[in-house]
Undergrad: 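Take a look at this one; I'll ask things after.
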Amino acid sequence: MAEKLNDRYNSSDVETRIYQWWESSGFFKAQDQSTKPPFSIILPPPNVTGSLHMGHALDHTIQDLLIRWKRMCGFNAMWLPGTDHAGIATQMVVERELKKENLSRHQLGREKFEERIWQWKNQYGDRITNQMRRLGDSCDWDRNTFTLDEGVSKAVRKVFVSLFKKGWIYRGQRLVNWSGPLETAISDLEVEHKQIKGALYHINYPLEDGSGFLTVATTRPETLLGDTAVCVHPEDERYQHLIGKNVILPLIKRKIKIIADVYVDKEFGSGVVKITPAHDFNDYKIGKTHHLEMINILNKKTELNENAGPYKGMKVAEARKKVIEDLKSLQLLVKEEPHLHSVGHCSRSGAVVEPFLSEQWFVKTEMLAVPAKRAVESGTIRFEPESWTKVYLHWMNIIEDWCISRQLWWGHRIPAWFCEDCEHLNVAEIAPDHCEKCQSKKIKQDSDVLDTWFSSGLWPFSTMGWPEDTETQKTFYPTNTLVTGHDIIFFWVARMIMLGLEFKKDVPFRTVYIHGLVRDSQGQKMSKSSGNVIDPVEMIDKHGADALRFTLLAHLHSGKDLKFSEQRLEGYRNFMNKIWNAARFALTHLEDFTAPKEGSKAVPARSEISVFDQWILFKLDEVEKKIEENFEKERYSDAANALYHFIWYEFCDWYIELIKPILGGNNPQERAATQLVLAQVMNRFIRLLHPFCPFISEEIYQKLPIKNKACIIDQYPNVRIDKDLLALGSAQAGLEIDLVKEVITAIRNIRGENRLSPALKMKARFGVADEMTQKILGNNKTAIMTLARLDEFTVGDDGNLSKCAVTQVVLKGASVKVILPLEGHVNFDEEIKRIQKTIEKLQKDIGQLTQKLSNEKFVANADPDVITADRALLAQSKQQIASLHEALIRFES
RNA sequence: GCGAUCUUAGCUCAGUUGGUAGAGUACUUGCAUGACAUGCAAGGUGUCACAGGUUCGAGUCCUGUAGAUCGCACCA
């Protein structure tokens, strides 16, 4: 017995209830051991204290689409959720909170501060996972993992120790990106390059022998204090004679050497470069090759230190001003010209990033990169879209060692202990209580934590119980698809590949599906500062999660950014309402329908069902094929749009309208047969819809007469399964209904163009030559009369065409002359205009076709099928135009 | 500077082996029609960025130009 539905779809009534039911019923759970084939996805873990943004919404919708689709296709589908501790981001959030209490983390102390962050995590950590539930994410929540969970920590320590013992993790003094406000090294990912209008200062460095000056050009005069050489091009004639001599560094009067290196561009500036190895990445390299002294002039807060002499204690910007002033007063500043250059900024604090010499931990990437490159080159891992392969390989080719230490308090502590007695470094998975070398008890753990991406890099297996040998890994590693944005290919994807191959001896995933950014309707990046952020949760509140999901999926085009507008979302909200009302219609007419015992396997005999039924089943077969194809080709928007088209334009606009007379008619057998087909078609397209729009589909599904326990775990309709029902659809019925549709549309067109009221019943005649077409029209008399609003229907000769509107309908060999007497209804000018317009269009077509077909080369070279088709089209057009001319004459007479 | 992607209707975008350009949306007109006005019906809309080339035929393939976006490197 079918149930009733409200007359308007209200998503908020439905979503929470359905989600709770799914979750409490255990439908999201995957089995570690199962006879079903595995399919697994790991969720890119969002920041634990963050909240869901549009980027997540897109990312998660794609993953949930895949998981629900595979689950319904009979896979043991496992979507592993989790959250990231997000070192810097979270620490900053909590520090901001402290600031409100006029406290700093230093005042609080490390232990208390960590406690505060845990408090914060416990308070807000559920927010994002609850928002994910709002979106419909069908994750296996029992497997929810936090990157600081004990299991993950164990994996982190194991990996660290293992790489250290192999010599692939080392500690050393190196130049790193340093954020002054955060007092930590940061990764390249956290550096944003911005174009800045600066100045190029030309400064005279006096030659030691007093014979003159060497002019250097620099954008950062304050780093002069750390100069340990000046450099020219070895072949630069201007300076060749000076190579090997010395200059006196202005202001602090240090004697430094003039060296030569091909790195210098003779054309740029003065052709002389000052070398500050401790504060510039290029200078650092030159410093290394030329064995130069490295003088650090900054402290951790990026203030000038004792090496800067009189400038000690100043901020960088301050020091720059003062240095320029002092140079001016010494008349050593030659000139200052405006100069546009890009400057690295800390993406978290906004401060200018300083290259800073410090003791850090690094991962040697050279050897890790080799198999990681090969995995992609050989196709074991595939990027979609494929163009990202090149980007990935390029980066892997220029990969540098990875700075993994951060001077933060929130994250995985580096498992290394220094011995205060013998200075030995103890690296161990379990905290030692004495130095392994000298047995001293005076050991101290390194105060640094690991880069967040270090633990994220292990995510595909650390979440599955590694280093224990678990069933989870046996079943689900490697995972199938990784869905993510291109912004973290290097920082996350590449590292997962390297670490997965090193520690699991297998790739972490087979396919990397890269999607674009969600932008605003103008194509601008959404950002707090431009105030154009659209909150997905707010959109869900207003229009429903299904509408949001469908909007994102329908506009997802192979890795391209997508522009999001609420207006478009409303369009898909309307689609949800349309589906709802179609279901309402169907259920009303299925009230007295009882599902057969075989449920969705129940199939009527072909002889029992109408041509409309055969037609809709034919269309259903088509759309199922299209959806499956597009899923396989990873063209999810095409799948979504095919479904949209079927539901709205085939099922709602035509099928429902065509069967209304049968459902409301007085032939119980016909009616029962149509009811069965209607129930079956509903059952199938609701299942087809489920991965896209899980909530509305489940809600309707539960009220359908033909159903199983739950849509979410029912079988996904598939062209190879339940073949019997789809076999009832026929191409012949397809053609027949297409012709009926054309005829109805032709009549509606005449009415529309002549502005005839839909309430006005008309009389129509149909001029048909062949018997077959005559029969088709006869069989569909009721449908045509109802949908075209006729009160008279005659099939046969043309009859008297005087004062009649005439349209020739031609379709695959069938030809119908639709004749509508207009006498008394209209002033004929409109109709004459309508016919003339059609004639003009036909004439244009005929002209083009004739020209083409009279081209000998075309006839000689073109595909014979193309020629045949064109000839047929030409003949048809000529026939149509003749008939229209005739009509026009009759009309005017 | 190197590389990638892109430029199609007012807007957002499809267009998969070359064969008369499509969809959604917006727009115009008409409409209370027993599922739905979040609806129904009908309608108009294009130098496919530009310039060449290959071909009987190019939105599609090739070359160049311009513009947009994004990477990478450099910016002393």
Side-chain angles (χ1 to χ4, degrees), chain A residues 5 7-9 193 195-196 198 200-201 216-220 223 230-231 263-265 268-276 280 282-283 286 339-343 385 387-388 390-391 394-395 398 486-487 489-490 516-517 521 523 543 547 554-555 557-565 567-568 570-589 633 635 637-638 641 644-645 648 652-653 656-657 660 664 744-745 748-759 787 789 844-845 848-849 852 855-863 865-867 869-870 873:
Chain A
L5 300 175
D7 64 348
R8 192 177 274 205
Y9 177 59
H193 290 270
Q195 289 289 326
I196 298 288
L200 192 61
Y201 301 92
V216 304
T218 180
T219 54
R220 303 195 49 195
T223 61
V230 291
C231 189
Y263 153 75
V264 177
D265 177 358
F268 189 90
S270 59
V272 186
V273 184
K274 59 193 266 320
I275 304 297
T276 323
D280 182 282
N282 288 306
D283 294 7
I286 294 187
H339 183 65
L340 194 69
H341 62 150
S342 83
V343 177
S387 55
W388 291 108
K390 245 183 138 172
V391 178
H394 172 69
W395 189 71
I398 57 163
H486 54 74
D487 47 340
I489 290 179
F490 309 144
L517 233 60
S521 59
H543 308 295
H555 290 94
H557 295 299
S558 176
K560 280 191 233 166
D561 289 354
L562 74 88
K563 291 174 196 165
F564 184 91
S565 82
Q567 196 186 13
R568 235 168 287 145
E570 282 170 16
Y572 289 105
R573 188 268 326 261
N574 295 352
F575 178 47
M576 296 306 125
N577 197 53
K578 186 78 183 172
I579 295 167
W580 187 254
N581 277 292
R584 220 156 61 84
F585 168 86
L587 293 176
T588 315
H589 289 89
K633 286 193 285 188
R635 300 187 57 127
S637 61
D638 286 353
N641 290 323
Y644 180 95
H645 190 270
W648 203 316
C652 292
D653 283 355
I656 285 184
E657 296 305 326
K660 272 179 182 171
I744 293 167
T745 304
R748 285 171 172 173
N749 176 297
I750 294 167
R751 303 182 80 119
E753 296 281 281
N754 287 293
R755 298 201 182 82
L756 290 168
S757 159
L787 298 189
R789 305 191 145 253
K844 210 176 123 197
D845 290 353
Q848 278 177 0
L849 283 167
K852 200 162 143 191
N855 180 343
E856 279 171 36
K857 284 182 177 168
F858 171 70
V859 180
N861 293 310
D863 184 335
D865 290 348
V866 172
I867 299 174
D870 280 350
L873 194 59

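Just the heavy atoms: all of them, side chains too, but no hydrogens, waters or symmetry mates, feed the values below. Throughout, protein chains are lettered first and strands after them, A, B, ... in sequence-line order, and every chain is numbered starting at 1.
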Undergrad: When you check the phosphate oxygens OP1 and OP2 of B:U25, does a side-chain N or O of A:Tyr644 lie under 4.0 Å from one of them?
TA: yes
Undergrad: The side chain of A:Leu873 lies closest to which of these nucleotides: B:U38, B:U20, B:U25?
TA: B:U20
Undergrad: Would you say B:G57 has OP1 or OP2 under 4.0 Å from some side-chain N or O of A:Lys857?
TA: no
Undergrad: Would you kindly give the NE2-to-P distance between A:His645 and B:A23, to the nearest whole Å?
TA: 8 Å
Undergrad: Choose from B:A42, B:A35, B:G19 the nucleotide whose nearest atom is closest to any side-chain atom of A:Glu657.
TA: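 So the side chain of A:Glu657 is nearest to B:A35.
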Undergrad: Which nucleotide, B:C56, B:G24, B:A35, lies nearest any side-chain atom of A:Phe858?
TA: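 Ranking B:C56, B:G24, B:A35 by closest atom to the A:Phe858 side chain puts B:C56 first.
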Undergrad: In terms of side-chain heavy atoms of A:Val866, which of B:U20, B:C36, B:G19 is nearest?
TA: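 The answer is B:G19.
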Undergrad: Are side-chain N/O atoms of A:Lys563 and A:Ser565 paired as donor and acceptor at under 3.5 Å?
TA: no
Undergrad: For A:Tyr9, is there any backbone N or O sitting under 3.5 Å from a side-chain donor or acceptor partner on A:Asn577?
TA: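 The answer is yes, because a donor-acceptor pair under 3.5 Å joins these two groups.
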Undergrad: When you get a sec, tell me which of B:U12, B:U20, B:A14 is the closest nucleotide to the side chain of A:Lys560?
TA: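 The answer is B:A14.
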Undergrad: C1' atom, B:A23 versus B:G46: distance in rounded Å?
TA: 15 Å
Undergrad: As a test of reading the structure: which of B:U38, B:A14, B:C40 is closest to the side chain of A:Trp648, going by heavy atoms?
TA: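 Selected nucleotide (nearest to the side chain): B:C40.
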Undergrad: Output the distance between atom CG (A:Asp280) and atom CD1 (A:Ile275), rounded to the nearest 0.5 Å.
TA: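 Atom-to-atom, A:Asp280:CG and A:Ile275:CD1 are 8.0 Å apart.
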Undergrad: Which nucleotide wins on minimum distance to the side chain of A:Ile656, given the candidates B:U33, B:A35, B:A4?
TA: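 That would be B:A35.
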Undergrad: For B:G39, take OP1 and OP2 only and decide whether either is under 4.0 Å from a side-chain N or O of A:Asn574.
TA: yes
Undergrad: Give a yes/no answer on whether the side chain of A:Asn577 brings an N or O atom under 4.0 Å of OP1 or OP2 in B:U38.
TA: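 It does not, given that no N or O in the side chain of A:Asn577 lies less than 4.0 Å from OP1 or OP2 of B:U38.
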Undergrad: Take a 6.0 Å sphere around NZ of A:Lys633 and say whether it holds more than 12 heavy atoms from other residues, nucleotides or ligands.
TA: yes
Undergrad: If you take atom types as modelled and just measure distance, does the side chain of A:Arg568 reach the base of B:U25 with a donor-acceptor pair under 3.5 Å?
TA: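 When only heavy-atom distances are counted, A:Arg568 does not reach the base of B:U25 through any donor-acceptor pair under 3.5 Å.
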Undergrad: With rounding to whole Å, what would you report as the distance between B:U69 and B:A49 at their C1' atoms?
TA: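 It comes out at 15 Å once rounded to the nearest Å.
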Undergrad: Stem finding on RNA chain B, please: runs of three or more consecutive Watson-Crick or G-U wobble pairs, both distances under 3.5 Å, sorted by first number.
TA: B:1-7 with B:66-72, B:10-13 with B:22-25, B:27-31 with B:39-43, B:49-53 with B:61-65
Undergrad: Main chain of A:Asp865, side chain of A:Asp863: is a donor-acceptor contact present, judged purely on distance under 3.5 Å?
TA: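 Here the side-chain-to-backbone pair exists.
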Undergrad: Whole-Å distance between B:G34 P and A:Lys660 NZ?
TA: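 From A:Lys660 NZ to B:G34 P: 8 Å.
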Undergrad: Would you kindly compare A:Gln567 and A:Lys274 by the position of their nearest RNA chain B nucleotide and give the one closer to the 5′ end?
TA: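 Checking each residue's closest nucleotide, the 5'-ward one belongs to A:Gln567.
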Undergrad: Can you tell which of A:Asp265, A:Asn282, A:Ile286, A:Val264 makes a side-chain contact (heavy atoms from CB on, under 4.5 Å) with A:Val273?
TA: A:Val264
Undergrad: Nearest of B:U12, B:U38, B:C13 to any side-chain atom of A:Arg8?
TA: B:U38
Undergrad: Could you list, one pair per line, each protein nitrogen or oxygen that sits under 3.5 Å from a nitrogen or oxygen of nucleotides 43-45 of chain B, together with the distance?
TA:
residue : atom : partner  : partner atom : Å
B:G43   : OP1  : A:Asn749 : ND2          : 2.7

Undergrad: Ignoring backbone atoms, establish whether A:Arg789 has a side-chain N or O less than 4.0 Å from OP1 or OP2 of B:C40.
TA: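 Indeed not, no polar side-chain atom of A:Arg789 lies that close.
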Undergrad: Between B:C31, B:U12, B:A35, which one does the side chain of A:Lys578 approach most closely?
TA: B:A35
Undergrad: Which of these nucleotides, B:C36, B:C13, B:A41, is closest to any side-chain atom of A:Asp653?
TA: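 From the listed options, B:A41 comes nearest.
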